[in-house]
Every structure is written in C-alpha cells, then in structure tokens.
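Quick notes on the structure that follows.
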Amino acid sequence: MFDRMREDIRCVFDRDPAARNAFEVLTAYPGLHALWYHRLAHWMWNHRMRWLGRVVGNFSRWLTGIEIHPGATIGRRFFIDHGMGVVIGETAEVGDDCTIYHQVTLGGTTWEGGKRHPTLGNEVVIGAGAKLLGPIHIGNHARIGSNAVVLKDVPADATAVGIPARVIGPRPEPDPRFQQMADRMGFDAYGLSRDMPDPVANAIHRIVQRVHDLDERMERACQALKRAGIDPGEALGEDDSGPLEACDLEGLEPDECEVPGSAPDEQERKQQGNT
C-alpha cells in the first residue's frame, strides 16, 4: 500500500511542474486525496459494504470536488490535475498512467444495467471539460482535446477533438497550388502547430484542393475541344471572371478594398466588422 502511495506522489512530480515538495503534494492536491479515498471506497464496494463505500465516496466528493463512483476501476499512477468537477461513473475503467483535468466526465448514456461507461487504455490524456459518454473504448496513448464530446471509440495513439469528437491525423504537407490561392484569399490553414491539426482547416483545404482539380479537368477538356476544331468560347461564352482575389470575398475582404456602389454607412459598418 505504501509503495502505491509513493508511486502516486512521484507521478505528480512527473506531470505537474508546479509541485514543489512532497509535503505540499500530500496536503494540497485534491486529485491525490480523491484517488486514495476511492481506493478505500472501492475495497468496501468489492467486499459488499456498498453503502459504506458510497458514504466514503460522497465524503470524498464533498472534500475534493471530485466524484468517483466506488465501483469504478482505476489503474496505477492515475493523476487528476486541478480536479474540480470531475465525474467518473460506476462501470468506468481507467488504465495505468492516465491523466485527466478538471470538468472531465466519464459518463453513461443509458439507464440500463451493465457496462455503460468508458474504458481508458494506458497513458491516456483527457483535456479540461471533455465528456466521454457511453461504453466506448479509448486506446493506449490517445489524446482527448479540451471540451470534446466523445461518443465513439478512439484508436490508440490518436487525437480526438470537437463536438462531436472527430479523430484527427497528422496535418498534410501544403500543396503549392493551394498555398497560392490561400495567400490570395487571406486564408491560412497552417497557422496552427503541426501536431494539433484543425478539422475545419482540413475541410477547407480539401474543398480548395477539389476546386483546383476541377479547374485542371476543365482546362484539359477545353484543350481537347480546341484540338478537335471546336471553339469552347462559342459554346460556353468567354470567361471574364478572372482569378478569385481577397477583395471578392464579401465580409472577409481587407480594409483597403473598395466596394463599388456601397453606401458610406454600409462601408463604415463593413470596416467595423473587419476590425
């Protein structure tokens, strides 16, 4: 038992740079207190002292702000940072070396009995405010972004973000053609760090890539028609639209763009919106 307690204290120093000494960790870390109270409550729960286990768990909740059902299974070196508002349900299972932050919920989605709460693998990190609901499985070394709502399984070594959560992969290398259009439009899909890809930016990247592909196919079709002696301009009309520029995007254009035919008050409102 004392070896497990020393192990718990050491893992706090490994994952929280604010920890200064063992006495501070012992007296001022509610996540550690909640874990130790849960071990006592879980032992009572497994030895058919379930009412007493619930009482110990309720006292721990009142003392620490962290609610862990006595029936939940918690692995070794489990670290709850800050901890206020954490809720872990009865059939939840947490592997070794996991880390969760405040306002995290490992909850259920049904009133029926049986397995109804998430299962976490080893070395899983769950960001603040994330909600994991239902009997889902989170693979080893997975990462859950802050405020994500996870309703499906997350594979090992993956990252899930968003509402509902989506599994995201590594950010693709920028295509030079896409980068040229993005520069004209003022859209930067690569402004975030490469290890934290943005699903919305990736979706826009795919749309712009599709536009490029369609332009190339249209150009090849026009060249084939010309070789066959057919003038595409007569059939389709001359294309005088020109390339898409930043000033063509209503509501997103830079301040230096002139908007023909706009009333002065409308231009002023647009300038305030851009600001």
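Partner Ile138 forms a side-chain contact (heavy atoms from CB on, under 4.5 Å) with one of Val125, Thr119, Leu132 and no other, that one being Leu132. Each of Lys115, Arg116, Arg50 was checked for a salt bridge (charged side-chain N to carboxylate O under 4.0 Å, His left out) with Glu90, and the lone residue meeting it is Arg116. No option in Ile100, Leu32, Thr64, Leu35 other than Ile100 meets the side-chain contact (heavy atoms from CB on, under 4.5 Å) test with Ile80.
Within the 4.5 Å cutoff, the side chain of Ile126 has heavy atoms near those of the Leu120 side chain. Using a 4.5 Å heavy-atom cutoff, the side chains of Arg54 and Pro70 are in contact. Taking the side chain as every heavy atom from C-beta outward, Ile74 and His42 never approach each other to under 4.5 Å. Looking at Ile136 and Leu151, their side chains never come closer than 4.5 Å, going by heavy atoms from C-beta outward.
The two residues Val154 and Ala160 make their nearest non-hydrogen contact at CG2-CB, 4.0 Å.
At distances below 3.5 Å, at least one donor-acceptor pair connects side-chain atoms of Asn140 with backbone N or O atoms of Asn122. Between the side chain of Lys131 and the main chain of Gln103, a donor-acceptor pair closer than 3.5 Å is present. Of the possible polar contacts, none joining the His117 side chain to the Gly107 backbone as a donor-acceptor pair under 3.5 Å is found. Side chain of Asp96 to backbone of Gly75: no donor-acceptor contact under 3.5 angstrom is found. Under a 3.5 Å cut-off, the side chain of Ser146 and the backbone N or O of Gly127 do not form any donor-acceptor pair.
Aromatic ring orientation, Phe59 versus Tyr37: perpendicular (interplanar angle above 60°, classes split at 30° and 60°).
Under a hydrophobic clustering in which Ile, Leu, Val, Met, Phe, Trp and Tyr are joined whenever their side-chain heavy atoms come within less than 4.5 Å, directly or via other members, Met44 and Leu63 fall into the same cluster.
Between Asp97 and Arg77 there is a salt bridge, since at least one side-chain N of the basic residue sits less than 4.0 Å from a carboxylate O of the acidic one.
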